[in-house]
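Structure record follows, encoded as structure tokens.
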Amino acid sequence: MAYAQDVGQDENSQQNNEEDKVERIEVTGSSIKRTAMEGDLPLTIISRDDIDAQGITTAEQLLLQLNVASNSNDNLASNTGIVSGEERGNNGASSANLRQQGAGSTLVLLNGRRTATHGLKGRSVDLNSIPFSAIERVEVLRDGASAVYGTDAIGGVINFILKKDYQGAEVGAFADHTEDGGGNIYRFNVLAGSGDLYSDGYNVMGSLSYRKAEILRGVDRDFTSTFQPESGLSPDTRGTPFASLNNRPGGNDPTSPNYNLIGTGLVNPETGLVNDVFNVLALPGMPGCDVYPLMDDDAAELWNRPQNSGVSCAWDYPRAAALQQPVESVDFVGRATTVLGDNAEGFVEFVGSEVTSKKVFEPNQITPWAIGNEGWYPSTGESYDYIYDALAGYYGADQLNYGAPIAYRWRCMDCGPRQIETTTEAMKIQFGVEGTIGFWDYKVGLGHATNESESQLGGGYHYTEMLAAGIGSGDINPFLLPGQSQSAAGMAALEAASAAGVVLYGGKTTMTQFDASITGDTGFNLGWGGDNIYVAGGIDIRKEGYEFNGDRREAANRPDIYGAPFDNANVLDDVDRTVKAVFVEALVPVVESFEMNLALRRDDYDGFGGTTNPKVGLLWQPTEEILVRGAYSTGFRTPSFNQIYNGATEEPYTGQDLADPRDCPGGVVDPSDPNCQPIQPTRLFGGKLDLGPEESTQESFGVVYAPTDNFSMNVDWWKIVIEGTIQVPDFRDLLENYDLYQDNFIRDANGDLVTIDTRYINAGERRTSGIELGIQTNGEMYDGIWALNFNGSYLIEDKKKLVDDAPFGPNLVGTHSRGNIPLRWKHTVTFNYAKGDWAHSLTQLYRHSYDDETPAGVASGVANPPYYDGEVGSYLIYNYSVRYMALEDWDVTFGIKNLFDRDPPFTAHQNDYSPGAAFDPRVADPRGRSYTMQLTYKF
């Protein structure tokens with residue numbers, strides 16, 4: 001709208017002269033160029049102006065505002081704790097996840113072509129590596145598209161389209177400052193280009209951008225406090241800055257390695273209950289739990305520990321974590337385009353980026369049973385008598401084992417916060433030729449992309465043996481009161497034990513791709529009143545490579561590092577696979593008001609197999625105002641490299657509780673049955689070469705209603721069914737479903753069970769469905785132009801079953817979960833108004849309420865917090881921006897995010913196994929109100 005205010009008379013005249021020309025363009029989801037943006041599949045297009053008006057600076061932020069994007073832990077803000085295995089890539093990556101299908105089932109394209117996935121994660125593109133300042137628009141296909149693009153397109157496709165032809169130069173600066181401090185964001189970019197493609201025959205352009213997001217700590221926001229027991233929330237840790245005491249089995253036996261000061265626990269003289277984990281600061285006459293920052297009484301009933309009520313302390317460790325990780329990125333885009341004859345042009349494009357993420361979270365919790373028996377706090381320690389005297393004064397000396405070491409739970413504040421720094425370098429070079437031969441358009445491309453990432457330990461990590469020795473000697477003291485500090489010997493021991501600089505792991509993905517396609521008018525029609533049939537076809541050949549390195553230290557010299565999340569089980573040497581695909585597509589106008597879109601793609605993977613996926617799309621326009629569309633397609637997601645190529649290992653089953661499930665139901669031992677005696681087969685772990693893909697079907701049906709040029713609305717229903725989901729089978733499920741999984745039980749020539757295969761399998765099913773609603777309207781008001789855009793997403797169903805012949809589980813929509821929160825309803829409403837030199841934008845974002853996580857004590861009936869209601873409230877915020885365009889070479893935009901400074905809704909979840917504490921970053925932004933300013937100068 002703002003652009004429309006500035007169109008000059010000459011340009012208006014030119015537009016009037018050419019208004020009879022109709023250009024066919026290619027949009028995401030189809031290889032056929034067409035004249036209409038509305039097709040058989042729903043497509044959302046986000047312009048550069050839309051992005052700037054919202055103050056969005058990264059692809060990650062853009063996804064958080066898309067209603068079709070999942071509320072999952074696939075971004076840096078939602079992954080602030082320790083992760084390993086397939087989630088290790090979240091140390092430095094953010095991924096797209098559409099329609100609840102997972103990051104590995106959402107395809108991300110750059111200028112319509114694939115790029116390398118993240119070096120650590122290996123299965124999805126890192127959104128932080130997208131050169132965001134060079135984006136021209138983003139196209140989001142809200143449907144599966146494996147028939148066009150191949151694997152990973154089950155949940156949808158996001159196509160980031162970069163500027164391709166630019167003349168002149170501009171510099172831009174952006175700042176996003178929070179009102180309450182912390183989490184500020186800055187960006188600086190330069191864009192320059194030269195040459196008119198049509199008069200000079202060439203264009204050369206380049207874009208360079210730098211972005212910095214500062215850390216936002218939990219202590220910077222009051223609503224993150226987990227000491228809200230009346231609402232059902234308390235930190236589930238007794239690992240406190242002044243250590244808690246812990247009982248141990250056999251603790252009263254002087255000959256036991258667990259012999260300790262409080263033995264197996266102490267009888268409380270007031271309650272008669274045995275206190276097994278408690279803190280002397282909480283005892284009568286002592287300073288109290290709250291003498292330390294972020295430390296307070298442990299709401300023991302909430303965690304089914306009523307025996308320790310009133311004598312136990314907890315520490316608010318989630319507030320010591322980062323709510324927004326500090327990230328710095330530099331990216332560059334360069335493109336040179338030249339005219340090749342009358343009807344063709346060629347280009348070379350280079351995209352490169354470096355992203356550094358510094359993950360920061362709470363200091364380690366240390367216990368002697370975790371670091372080794374040599375880590376008990378000794379009777380010679382400086383604070384030993386202080387602890388003994390406090391215990392003897394309340395519990396009585398007769399209950400204590402004086403001289404025995406102390407078993408403790410300690411939050412090592414002097415160790416410092418744990419830090420993991422991840423650096424990711426991404427690069428892609430793309431060559432291409434596009435042109436026209438007669439009525440046919442063609443394009444040919446050759447590209448190579450890499451993404452290499454490495455994570456290393458920063459502060460907060462220590463060698464386990466040295467840490468234990470420092471505590472066991474008494475040099476390091478877990479019992480320091482406020483104002484006290486570690487001795488010089490203690491600090492020297494911690495410094496000597498530091499493991500900062502050790503590389504956790506590193507990974508690299510590569511992709512080399514050749515593609516060629518042609519599309520055009522066949523000159524034929526069905527003769528029933530419809531236009532000519534348009535077709536497209538092409539080939540796609542690519543080679544994908546992956547390597548993952550774990551602990552780089554020599555195998556013979558790898559002293560244990562306490563709490564370091566190494567991932568040596570997934571180490572892979574350089575492995576690769578070649579994918580060959582051929583596809584065809586046809587746009588068939590049957591009659592004037594009805595057309596079909598047919599597509600078919602065949603993909604063959606070396607060493608894996610092939611899959612063929614069709615798509616049928618229908619478009620019917622019974623009147624000028626109404627358009628009806630529908631589509632059916634199949635899709636697939638290939639297994640990851642680790643799931644296929646990880647080395648197989650065998651480990652013996654050492655228990656005495658397993659019988660052969662062929663003869664004994666559920667593998668239950670029956671001493672009276674000679675066929676159901678205990679057996680000890682080996683168990684097989686690792687990758688599986690014959691693992692199949694996840695296979696899906698997608699259905700959609702929608703109606704678009706546009707009675708006038710100023711109003712349109714659309715309603716689209718969709719359903720996705722995935723069969724053969726890739727999962728590690730539960731051992732008990734295998735035993736209880738022997739007939740279904742007979743191939744997993746490997747026998748010798750005599751029929752005896754020798755090995756149970758517990759590697760990945762294709763099993764189970766998942767069903768997801770929903771409705772998406774859109775309304776667009778505009779008009780004139782007070783000599784200006786206004787526009788209103790509404791977009792909503794309603795999730796109907798999200799059900800799973802892990803075994804093929806089992807019934808589906810409950811509908812997960814509107815419930816809390818560890819990975820993804822399937823919200824029932826989300827919407828965005830944007831009102832724009834432009835008049836003269838000013839353009840205003842006001843946006844409302846809404847996220848519906850959902851069932852809260854139930855605290856353990858509430859579930860068991862031990863606790864009944866008065867303000868816990870089992871529901872997380874809705875989240876509603878407004879964003880505003882104004883753009884001023886009167887200055888000749890300047891473009892200025894000012895904005896306010898979270899206009900009314902709305903706090904995230906409270907949740908009793910407290911950040912173990914899923915992100916956030918007292919709030920959930922998958923749903924709400926913890927930054928609060930912030931002010932944005934964007935300046936662009938053209939010269």
Side-chain angles (χ1 to χ4, degrees), residues 1-23 36-38 44-56 65 135-138 168 170 172-176 624-625 704-714 773-792 827-846 876-900 929-939:
M1 290 190 310
Y3 174 77
Q5 301 297 305
D6 290 340
V7 175
Q9 182 64 40
D10 292 341
E11 189 171 350
N12 268 325
S13 299
Q14 183 179 356
Q15 290 175 352
N16 292 334
N17 292 336
E18 298 182 357
E19 63 182 357
D20 56 327
K21 297 181 180 179
V22 179
E23 180 185 8
M37 296 301 290
E38 291 288 359
T44 298
I45 299 177
I46 306 163
S47 70
R48 180 81 243 181
D49 285 346
D50 296 332
I51 292 170
D52 291 341
Q54 295 297 319
I56 297 171
Q65 296 200 22
I135 286 177
E136 181 176 284
R137 69 182 184 278
V138 181
E170 68 177 55
F174 174 86
D176 183 345
E624 187 176 348
E625 297 83 11
V704 180
Y705 176 58
T708 70
D709 292 339
N710 303 106
F711 178 86
S712 67
M713 67 176 295
N714 64 277
L773 173 66
I775 299 174
Q776 304 83 34
T777 182
N778 60 77
E780 297 183 2
M781 180 175 65
Y782 300 116
D783 299 324
I785 300 174
W786 64 269
L788 182 70
N789 187 300
F790 174 89
N791 179 269
H827 76 244
T828 303
V829 185
T830 301
F831 178 78
N832 295 317
Y833 181 73
K835 179 180 179 181
D837 299 322
W838 300 87
H840 304 264
S841 178
L842 179 65
T843 299
Q844 180 194 78
L845 278 81
Y846 176 80
L876 175 67
I877 63 170
Y878 293 86
N879 299 329
Y880 168 76
S881 71
V882 58
R883 181 181 179 187
Y884 182 62
M885 300 164 289
L887 302 177
E888 183 176 357
D889 299 315
W890 288 89
D891 197 334
V892 182
T893 302
F894 170 78
I896 304 176
K897 293 182 178 179
N898 197 347
L899 188 62
F900 300 108
R929 183 190 290 139
S930 68
Y931 303 93
T932 66
M933 177 67 76
Q934 178 166 304
L935 302 175
T936 303
Y937 177 71
K938 296 183 179 181
F939 54 92

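Just so you know, these numbers come straight off a predicted model, no measurement behind them. Because only heavy atoms are used, hydrogens play no part in the values below, and waters and symmetry mates are left out as well, while side chains stay in.
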Would the distance check show the side chain of Tyr833 and the main-chain N or O of Met781 forming a donor-acceptor pair, the cut-off being under 3.5 Å?
yes

Going by the rule side chain to side chain contact (heavy atoms under 4.5 Å, CB included), which residues pair with Arg48 if we only count those two or more places apart in sequence or in a different chain?
Ile51, Asp52, Phe132, Ile135, Lys163, Arg187

For Tyr937, which residues count as a ring-ring contact (aromatic ring centres under 6.0 Å, His included) partner, sequence neighbours excluded?
Trp890, Phe939

Please round to the nearest 0.5 Å and tell me the distance separating atom OG1 of Thr830 and atom CG of Asn789.
6.0 Å

Would you please name every residue forming a side chain to side chain contact (heavy atoms under 4.5 Å, CB included) with Leu788, sequence neighbours left out?
Thr777, Trp786, Val829, Phe831

Distance col, row Arg883:CZ vs Gln934:CD, nearest 0.5 angstrom, shows 8.5 Å

What pairs with Thr932 under side-chain hydrogen bond (donor to acceptor under 3.5 Å, both in side chains), at least two apart in sequence or on another chain?
none

Quick one: salt bridge (charged side-chain N to carboxylate O under 4.0 Å, His left out) partners of Asp176, sequence neighbours excluded?
Lys897, Arg927

For Tyr878, the ring-ring contact (aromatic ring centres under 6.0 Å, His included) test, sequence neighbours excluded, returns Phe900

Rounded to the nearest 0.5 Å, how far does CG of Asn714 lie from CG of Leu773?
7.0 Å

Who passes side chain to side chain contact (heavy atoms under 4.5 Å, CB included) against Ser881, sequence neighbours left out?
Ala53, Ser841, Thr893

Do the side chains of Glu170 and Asp889 get nearer than 4.5 Å, heavy atoms only?
no

Decide yes or no for Phe790 and Met713: does some side-chain heavy atom of the first lie under 4.5 Å from some side-chain heavy atom of the second?
no

Can you name the side-chain hydrogen bond (donor to acceptor under 3.5 Å, both in side chains) partners of Gln65, sequence neighbours left out?
none

Under the rule for side chain to side chain contact (heavy atoms under 4.5 Å, CB included), what residues qualify as partners of Met933, not counting sequence neighbours?
Val892, Phe894, Leu935

Nearest-0.5 Å distance, CD of residue Gln54 to CG of residue Leu845
7.0 Å

Sequence neighbours excluded, the answer for side-chain hydrogen bond (donor to acceptor under 3.5 Å, both in side chains) partners of Asn710 is Asn778

Hits for side-chain hydrogen bond (donor to acceptor under 3.5 Å, both in side chains) against Thr936, two or more places apart or cross-chain, chain-then-number order -> none

Let me confirm one number: the CG-CG distance from Asn832 to Asp50, rounded to the nearest 0.5 Å.
7.5 Å

